[in-house]
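Below, all heavy atoms of this structure are taken into account, side chains as well, without hydrogens, waters or symmetry copies. In this text the structure is predicted, and so the values were computed from the model without any measurement. Numbering starts at 1 and runs along the sequence shown.
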Amino acid sequence: MDILTSLDNGSSYSSSKLQMIIGAWVMSDAFRRRKVSIDNGDVSEDDYTKQSIYSLLYAMYRSIGEVKSETGEPYEFTFNTWGYAWPEGWGAPPTTATDPQRFGKNAYTGLLGFAPVRERVAKAGGKVHVVELGCGTGAGAHHISKYVLPDCTYNAVDMQKAAIETCNRRFVPELGGRLKAIHGDVTKVEIGEGQADIVVICETHITEHAGVVTDEDKRFFDVVRRTLKPGGYLCWGNAIPDATWQPCFDQLASIGMPVREVRDVTAEAILARDQDKARVEAYVEQCLKKFHGFKIPVVGKKKRREAELALKNFYRHPGTNLYDTMVNGTDTYRVVMAEKV
Ligand SMILES: C[S@@+](CC[C@H](N)C(=O)[O-])C[C@H]1O[C@@H](n2cnc3c(N)ncnc32)[C@H](O)[C@@H]1O
């Protein structure tokens, strides 16, 4: 069993199934080459698929359920977002200093901070339609619909069945029909044309390859354009290879979506990872403790260490490869607004 490549985004694994999957991964150790660097948690692009990794993560978040942050605040891990500390100069922060998921909430709030976007929302009396591509559990969709755009309607799409189930369990019921969760690959599922005032993309796993826009990225951007009304806005934030931003901007311009504004929040994203260190460590510990497979003598301990490093790298935790790539400028976190002309 290779948990990095063989899980299915159309499945929603139960806690007992997850125990079996982790147990099989631990036991298969002797026959496999190690894919997780034990120096910094790095996993090469060719050694995992996003279908498998997120399938595992969302099933795990659900299975772990409510936990306590390092300061004792209870929460369910639903923002699968690095996010950033609220930049000085952007006004009052939208979150409290002890909210365990404040950096993700900041990231979602920050997407809608551009003046032309706020003007469009005000002109519509708040009644705008938002479509999010790669919404994960819908935690950000819920945050925007409840606090940032309390009169909007919102369709949230993700390819992971377990994430969409979490959205339907935790977030959809509270919003009285304004939030709809859709399961599917953004580049394949029917989303509806020319309906959205705003398309939101928050740390969706695309545009990851340095210096190139892949075919999938192009299809993604085509969906953005098709989904927006004329004059509508794409609000997109992520930490990706710095060399990939300009090719993406060129691609967007070539399909009639010029980029109007770019904000760099890399320094604040690094700060967020530093300030989130204790919470991430507490969470990873609570996760690993839950899986019996890691108690298997010898191999269990070894695989526990690999799982710990891979998870922390995934969270861009201080000391990991993905943290270092932000510090040395290989990856930059930007918040971007493009307009459909
Ligand atoms: C790092 S997570 C971020 C999730 C969410 N935006 C958040 O901030 O919590 C990346 C998400 O992108 C989704 N994703 C990547 N490619 C996708 C695609 N082609 N169609 C739908 N979802 C996709 C993954 O399933 C995953 O949930």
### Query
Is the side chain of S55 donor-acceptor paired with the backbone N or O of D8 at a distance under 3.5 Å, no angle test?
yes
### Query
Are the side chain of R279 and the backbone N or O of P100 linked by a donor-acceptor pair below 3.5 Å?
yes
### Task
Answer yes when K301 and E308 have at least one side-chain N-carboxylate O distance shorter than 4.0 Å, and no when they do not.
no
### Task
Measure up the F77 and Y283 rings against each other and bin them: parallel (under 30°), tilted (30 to 60°), perpendicular (over 60°).
tilted
### Message
Under a plain distance cut-off of 3.5 Å, with no hydrogens placed, do S12 and E165 share a side-chain donor-acceptor pair?
### Response
yes
### Query
Just by distance, do the side chain of W82 and the backbone of F314 share a donor-acceptor pair under 3.5 Å?
yes
### Cluster companions of I164 among Ile, Leu, Val, Met, Phe, Trp, Tyr (side-chain spacing under 4.5 Å)
none
### Task
List in chain and number order the residues that pass salt bridge (charged side-chain N to carboxylate O under 4.0 Å, His left out) with D242, two or more places apart in sequence or in another chain; answer none if no residue qualifies.
R334
Sequence neighbours excluded and cut-off under 3.5 Å, please list the side-chain donor-acceptor pairs for residues 286-295, or say none.
residue : atom : partner : partner atom : Å
Q286    : NE2  : K68     : O            : 3.3
Q286    : NE2  : A282    : O            : 3.2
K290    : NZ   : S63     : O            : 3.0

### Pairs flagged by ring pair (Phe, Tyr, Trp, His ring centres under 6.0 Å) wherever residues 244-280 is involved - sequence neighbours left out
W236-W245, W245-F249
### Query
Cluster partners of I270, using ILVMFWY side-chain heavy atoms under 4.5 angstrom, listed by chain and number?
Y323, M326, V327
#### Entry: Salt-bridge present (K218, E216; N to O < 4.0 Å)
no
### Task
Could you tell me whether the side chains of Y75 and Q101 share a donor-acceptor contact shorter than 3.5 Å?
no
### Task
Sequence neighbours left out, what pairs pass side-chain hydrogen bond (donor to acceptor under 3.5 Å, both in side chains) with at least one residue falling in residues 117-126?
R120-D197
### Query
Are more than 12 heavy atoms from other residues, nucleotides or ligands located less than 6.0 Å from atom CD of E45?
yes
### Task
Give a yes or no on whether K180 atom NZ has more than 12 heavy-atom contacts from other residues, nucleotides or ligands under 6.0 Å away.
no
### Query
Which residue, T332, D331, D42, T330, forms the side chain to side chain donor-acceptor pair (under 3.5 Å) with T325?
D331
